[in-house]
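Here the structure comes first, spelled out in structure tokens, and everything after it is commentary.
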Amino acid sequence: MNETNLETLRHSASHVMAQAVQELFPGVKLGIGPAIENGFYYDFDLPEQLTPEDLVKIEKKMKHIIKQNHKFERVEMKKEEAIRLMEEKGEKYKVEILSELEAEKVTLYKNADFVDLCRGPHVETTGKIKAFKVLSIAGAYWRGIETNPVMQRIYGTAFEKKEDLDKYLENLEEAKKRDHRKLGKELDLFSIHEEAGTGFVYYHPKGATVKNTLENFLKEENLKRGYELVSIPHIAKIDLWNTSGHTNYYKENMYFMQIDEQDYVVKPMNCPGHILIYKRKLTSYRDLPVRYFELGTVYRYEKSGVLHGLLRVRGFTQDDAHIFCRLDQLEDEIISVLDFIHYIMQVFKFDYEVKLSTRPEKYAGTIENWDKATAILEKSLQDRNVPFEVDPGEGVFYGPKIDVKLKDALGRVWQGPTVQVDFNLPQRFDLIYTANDGSKQTPVMVHRAILGSIERFLGALIEHYAGAFPLWLAPVQVSLLPITDSHLDYADKIAQQLQQRGFRVEIDKRNEKIGAKIRNAQLQKIPYMLIVGDKELESETVSVRHRKEGDLGTKNIAEILDQLCQDVDNRA
RNA sequence: GCCGGGAUAGCUCAGUUGGCAGAGCAACGCAUUCGUAAUGCGUAGGUCGUGGGUUCGAUUCCCAUUCCCGGCUCCA
């Protein structure tokens, strides 16, 4: 079944659901019921609050309707006539939609006694809907506008075949198991504390190890590519943010404080800081491009309801860089950022999709510059044979951008790297460089982040790997499992040898049987377990067990070190 | 921020129609010294998220508040 048909099927299912709800709860007012990416929903205005039990009833009723195999009939009528019909039925939301339609004639779809305003198309009969499930209830503003009344939205999904539905439901289960908040607790990675403030992350030793490993990796990769490390304070006087314009268009997200009758801001972004560093001296055209990199921690106030584990927080660290260059250098810079992104993404085995966002209605700078920059972004993508889609008008007001969406092991999509051209800040801060003719010119600025926020990326990584980090990232890389207490000294000796080579090692010294120690190490998703008993002690070896491959047999120290080094090098 | 649901031991959860608070895992102790996913016995652990109210008595009912969960809106 192709996508259009699946959409039709799901949309038809949403009609059936609305019909079921209407039969079960007379007096319900209908909102809208579209097909969405993984299913469909329908919004209802109901005096009583729906419960999970109601969902079961609704699903039953739907099955009944489907069994009766009603025909979906297309009815065309004049708009006024349709408005009258919906007014009679008391469907005020439908009337609202209809009166905003410009067409003279509208279509309605009818199955049995149920009529709904709808563009269609639909499957021929309700009986065509075979594999479906009602999933959940949630509140949703009418037409998505915050000031509108809240409706009850019921989500469901439908597939052509039962196998597809089952697979989807299994996928949902798998996603639940991989939830980074659950794994974060189970693997002792991080916590968020009520008394310290929601949205602020505390990394435990293991989580901090992963974060630190990621950060070191990024630093090295940035240095390799000609970026220079900078570092800026977390607080700056409000004047800086007045110049940058943030106090204007970003103030809802900023933390303010007053000290000695001076207003200060906790930085929500790093760019103004990097700009001050650029401005410390006169820059020659020969010095460009200047590339400043920082693991910059920023603080942004986010509405309480949007916070979500590591994925949406109030304090986070960006792998942020700002490139100051001449317009004629822009293309090369963009291309090398694209290569950089590609390299990093394949390290983590993420597939990705690319979007090019163009000029929005409100914008800073000249149209000529916008067109030039957009053309350069486009050309760079073509140059590297990166397939991309254009998101018209989705650029930031200060310049066009390239957004990269990561696809994880379950096929879910995450916001990833971003590359943004900026004409606005160089002007606001009067950035200049001296051109070869001695004139003062304004450089172009590029904002880019590869991982985006370390917090969000780490959250995505946990789910991508289901908590089983590859060896180079694993907080504990090797667990030594002595068979009995008499092997503790030997385990210590091996551990020291591995530690000296830079590996993160742990010894399970508990008075437990080997089965229990293995189980614990497996649950902690530790890549390598080294079992040591009498045999190993005598022969100066270890028994190697890999968390995925199981028993790998006996190896001597040189062999296991070799294997570990290989895995780290391959980032396997 | 908005709508709805929640908060009980370190973790996962049960429970009280208002009357001394429960299990498994983890921790600790003792025994056991064991070969590839859980050895046995015992000990300790709680202002039942926080603040008010109703009541002879509140973990339970009511109100407020904080935080969490599912969405909406917004976003890295």
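Protein chains get the first letters and strands the later ones, always in sequence-line order, with residue 1 at the start of each.
Residue contacts for A:Asn520: at a heavy-atom cut-off of 4.0 Å it reaches no nucleic acid atom on any strand shown. Note on A:Arg300: a base of the nucleic acid sits closer than 4.0 angstrom, heavy atoms only. Within the nucleic acid shown, A:Lys535 comes within 4.0 Å of at least one base atom, counting heavy atoms only. Backbone-only engagement by A:His308 is indicated by non-hydrogen atom pairs under 4.0 Å involving sugar-phosphate atoms exclusively. Nucleic acid contact for A:Glu302: base, since at least one base atom lies under 4.0 Å from a heavy atom of the residue. Looking at heavy-atom distances under 4.0 Å, A:Arg153 makes contact with sugar-phosphate atoms alone, never a base. Within 4.0 Å (heavy atoms only), A:Gly305 reaches at least one base atom of the nucleic acid. Nucleic acid contact class of A:Glu536 (heavy atoms, under 4.0 Å, all strands): base.
Residue A:Lys513 has no polar side-chain atom (N or O) positioned under 4.0 Å from OP1 or OP2 of B:U36. Checking the phosphate oxygens (OP1, OP2) of B:C68, a side-chain nitrogen or oxygen of A:Thr198 falls inside 4.0 Å. For B:G1, one of the phosphate oxygens OP1 or OP2 lies less than 4.0 angstrom from a side-chain nitrogen or oxygen of A:Ser304.
A donor-acceptor contact under 3.5 Å is not formed by the side chain of A:Tyr41 with the base of B:G71. In the interface, the side chain of A:Arg312 is paired with the base of B:C74 through a donor and an acceptor atom under 3.5 Å apart. Interface remark: the A:Ser543 side chain does form a donor-acceptor pair with the B:G35 base, using a distance-only criterion of under 3.5 Å.
Lacking a ring centre under 5.5 Å from that of the base six-membered ring together with a plane angle below 30°, A:Tyr155 does not count as stacked on B:G71.
At whole-Å resolution of the value, CD in A:Glu512 and P in B:G29 are 13 Å apart.
Summary of the strand contacts: A:Val313 and A:Gln49 both lie near RNA chain B, and taking for each the nucleotide with the nearest heavy atom, the more 5' one is attributed to A:Gln49. The nearest heavy atom of RNA chain B to A:Leu307 and to A:Lys401 marks one nucleotide each, and the one closer to the 5' end goes with A:Leu307.
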side-chain contact (heavy atoms from CB on, under 4.5 Å), that's the test. Do A:Phe44 and A:Met151 meet it? Break it down for me. CA-CA 6 Å; A:Phe44 302 101; A:Met151 312 198 54; 5.5 Å; no

| field | Step-by-step side-chain contact (heavy atoms from CB on, under 4.5 Å) determination, A:Lys206 to A:Phe190 | value | CA-CA 8 Å; A:Lys206 286 178 183 167; A:Phe190 65 90; over 6 Å; no

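Considering only side-chain atoms of A:Arg510, the nucleotide from B:C72, B:A27, B:U36 that sits closest is B:A27. Among B:C34, B:G35, B:U66, the nucleotide with an atom closest to any side-chain atom of A:Thr484 is B:C34. Distance from the side chain of A:Ile531 is smallest to B:G35 among B:A37, B:G35, B:U39.
Using a 4.0 Å cut-off between charged nitrogen and carboxylate oxygen, A:Lys177 and A:Glu173 do not count as a salt-bridge pair.
The aromatic rings of A:Phe217 and A:Tyr343 sit tilted, their planes meeting at an angle between 30° and 60°.
Contact annotation: the side chain of A:Arg10 approaches that of A:Phe159 to within less than 4.5 Å [non-hydrogen atoms, C-beta and beyond].
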